[in-house]
Amino acid sequence: MQTVKEFSYHTGWRSRSRRPGRHKSNQRGMGMEFRGHTTLLSYPDPRRIDIRQTIRDPMEQVYVRIFNQKSATPVFVLCDMSGSMQYGTPHTKLVTAAEITRSVAQSACRNTDPVGFIGFDDDLHDEWLCTLASRPHSMFELADRLENHLPSEVGAAGLMESVRLLPRERSLIFMVSDFHMPLEQLEAALLLMLRHHIVPVVLWNSSEYKQLPDFGITSINDPETGERRTLFLRASYRQRILKAFEARRQAIEDIFMRFDMQPFFVEDRFDADALTDYFNQYVPA
């Protein structure tokens, strides 16, 4: 059985869910966070009677202490399944996405949070949708299919459509993609997701740009459009490719930071401990 490594995460907002969990909420319940006092008639729980507050009241009303409970928060994996995600050596970016999906599912289950999955390319497909559930089994089965999936020559326009499948309740969303899509398309989708907390997980593979030869002739195919090109590689051209990827990385970071979303870059291999550090550094508790 494959070992799934978990990571620790927390949310920087108060959940509105009535379902008990591990995150701060504004729901009254059996928690430890003191909220205030109210009368026994307003909150008929005699276990919470505050004798000191009661004897201070000149109107002789009985008061109880009220507390906020800890609540669950919906968690989603929003996964790009476009043609460029099949690229990578020794394993494809979809294999890394599957590993991240398992880790998110296992970590959410440990936190008693419901977790779901939405896969998209140019469209949405029912076989790549997993509704919110408390158990990770469906997510594990989907991840097994994901790492063996061979996408066709399609883009990621379905990202816009995926917004309608997200709940109205503020959710934690891991957006997993290489983000080779047009940035205008990405920005338009982010504008529709502002109510949610987005963790952009940027999947790149070093073989895309770092392991190119200094000299030679090669043919490449665009995995999303099917366009084929022949390149005459040389040292100067290789440097141009490296600089183009550096510029692309900066552009991706800039567009997310415009929405106050710090991207989490994953190159070749996913490190769950690094994602824990990400939450400790960038997400206020």
Enumerate the residue pairs fulfilling salt bridge (charged side-chain N to carboxylate O under 4.0 Å, His left out) with a member in residues 276-285, sequence neighbours excluded, ordered by first and then second residue.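 Every candidate salt bridge (charged side-chain N to carboxylate O under 4.0 Å, His left out) pair involving residues 276-285 fails, so no pair, neighbours aside, qualifies.
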Kindly state each residue pair satisfying salt bridge (charged side-chain N to carboxylate O under 4.0 Å, His left out) with at least one member in residues 179-192, sequence neighbours excluded.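 Listed once each, the pairs are Glu187-Arg258.
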Show every side chain to side chain donor-acceptor pair (under 3.5 Å) that has at least one partner inside residues 56-68, sequence neighbours left out.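 Those involving residues 56-68 are Arg35-Asn68.
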Can you list everything that forms a side-chain hydrogen bond (donor to acceptor under 3.5 Å, both in side chains) with Arg18? Sequence neighbours excluded, please.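 Result, side-chain hydrogen bond (donor to acceptor under 3.5 Å, both in side chains) vs Arg18: Gln27.
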What pair of heavy atoms forms the shortest contact from [X] to [Y], and how long is it?
X: Ala156; Y: Met181; answer: CB-CE, 3.9 Å
X: Pro200; Y: Gln262; answer: CD-O, 3.5 Å
X: Glu147; Y: Ala98; answer: CB-CB, 3.7 Å
X: Ala72; Y: Asp113; answer: CA-OD1, 3.4 Å
X: Val163; Y: Ala189; answer: CG2-O, 4.3 Å
X: Thr276; Y: Ser8; answer: OG1-N, 3.0 Å

Sequence-distant partners of [X], salt bridge (charged side-chain N to carboxylate O under 4.0 Å, His left out), two or more places apart:
X: Arg164; value: Glu161
X: Lys5; value: Asp273
X: Lys93; value: Asp178, Glu208
X: Asp45; value: Arg47

Can you find a pair of side-chain heavy atoms, one from [X] and one from [Y], that are under 4.5 Å apart?
X: Ile100; Y: Leu203; value: yes
X: Val176; Y: Val77; value: yes
X: Leu165; Y: Phe76; value: no
X: Leu190; Y: Phe256; value: yes
X: Glu99; Y: Val95; value: no
X: Met160; Y: Leu192; value: yes
X: His196; Y: Leu166; value: yes
X: Met81; Y: Pro151; value: no

Answer with yes or no whether the hydrophobic clustering places [X] together with [Y]; edges join I, L, V, M, F, W, Y residues whose side-chain heavy atoms lie under 4.5 Å apart.
X: Ile252; Y: Phe245; value: yes
X: Met261; Y: Leu183; value: yes
X: Val75; Y: Tyr282; value: yes

Going by side-chain heavy atoms closer than 4.5 Å, which hydrophobic residues are tied to Val62, directly or by a chain of links?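 Val62 shares its hydrophobic cluster with Leu40, Tyr43, Ile49, Ile51, Ile55, Val64, Ile66.
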When you measure from the side chain of [X] to the backbone N and O of [Y], does any donor-acceptor pair fall under 3.5 Å?
X: Ser171; Y: Glu169; result: yes
X: Asp80; Y: Met85; result: no
X: Asp122; Y: Gly155; result: yes
X: Ser15; Y: Ser17; result: yes
X: Thr92; Y: Gly88; result: no

Cut-off 3.5 Å, no hydrogens considered: what does the side-chain donor-acceptor table look like for residues 105-112, sequence neighbours left out?
unit_1: Gln106; atom_1: NE2; unit_2: Glu6; atom_2: OE2; d: 3.4
unit_1: Ser107; atom_1: OG; unit_2: Phe7; atom_2: N; d: 3.0
unit_1: Ser107; atom_1: OG; unit_2: Phe7; atom_2: O; d: 3.3
unit_1: Ser107; atom_1: OG; unit_2: Ser103; atom_2: O; d: 2.8
unit_1: Arg110; atom_1: NE; unit_2: Glu6; atom_2: OE1; d: 2.4
unit_1: Arg110; atom_1: NH2; unit_2: Phe7; atom_2: O; d: 2.7

Would you sort out whether Ser82 and Asp121 count as a side-chain hydrogen bond (donor to acceptor under 3.5 Å, both in side chains), showing the intermediate values? CA-CA 5 Å; Ser82 61; Asp121 46 37; over 6 Å; no
Kindly check if the number of other-residue, nucleotide or ligand heavy atoms within 6.0 Å of [atom1] ([X]) is above 12?
X: Asp260; atom1: CG; answer: no
X: Arg16; atom1: CZ; answer: no
X: Arg135; atom1: CZ; answer: no

Rounded to the nearest 0.5 Å, how far apart are [atom1] of [X] and [atom2] of [Y]?
X: Asn205; Y: Arg269; atom1: CG; atom2: CZ; answer: 10.0 Å
X: Lys24; Y: Thr73; atom1: NZ; atom2: OG1; answer: 12.5 Å
X: Arg102; Y: Glu141; atom1: CZ; atom2: CD; answer: 11.5 Å
X: Leu124; Y: Ser162; atom1: CG; atom2: OG; answer: 6.0 Å
X: Thr101; Y: Phe270; atom1: OG1; atom2: CZ; answer: 9.5 Å

side-chain contact (heavy atoms from CB on, under 4.5 Å) between Tyr87 and Trp204, intermediate numbers included: CA-CA 9 Å; Tyr87 188 83; Trp204 279 9; over 6 Å; no
Go through Thr11 and Val283 one step at a time and tell me if the side-chain contact (heavy atoms from CB on, under 4.5 Å) criterion holds. CA-CA 7 Å; Thr11 59; Val283 182; 5.9 Å; no
Apply the test side-chain contact (heavy atoms from CB on, under 4.5 Å) to residues Leu191 and Phe259: give CA-CA distance (whole Å), side-chain angles for both, the deciding distance (0.1 Å), then the verdict. CA-CA 8 Å; Leu191 284 170; Phe259 294 93; 3.5 Å; yes
Pairs involving residues 10-34, ordered by first then second residue, that meet ring pair (Phe, Tyr, Trp, His ring centres under 6.0 Å) (sequence neighbours left out):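 Output for this query lists Tyr9-His23, Trp13-His197, Phe34-His37, Phe34-Phe67.
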With ring pair (Phe, Tyr, Trp, His ring centres under 6.0 Å) as the rule and sequence neighbours excluded, what pairs involving residues 97-133 come up?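 Qualifying pairs, neighbours excluded: Trp128-His149.
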Report yes or no: do Ser71 and Gln69 form a side-chain donor-acceptor pair below 3.5 Å?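 Yes - a donor-acceptor pair under 3.5 Å links their side chains.
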Working note: Val199 + Phe279, criterion side-chain contact (heavy atoms from CB on, under 4.5 Å); need CA distance, chi angles, decisive distance, verdict. CA-CA 9 Å; Val199 177; Phe279 276 92; 3.9 Å; yes
Tell me, with the steps shown, if Ser25 and Arg19 meet side-chain hydrogen bond (donor to acceptor under 3.5 Å, both in side chains). CA-CA 10 Å; Ser25 79; Arg19 176 178 176 172; over 6 Å; no
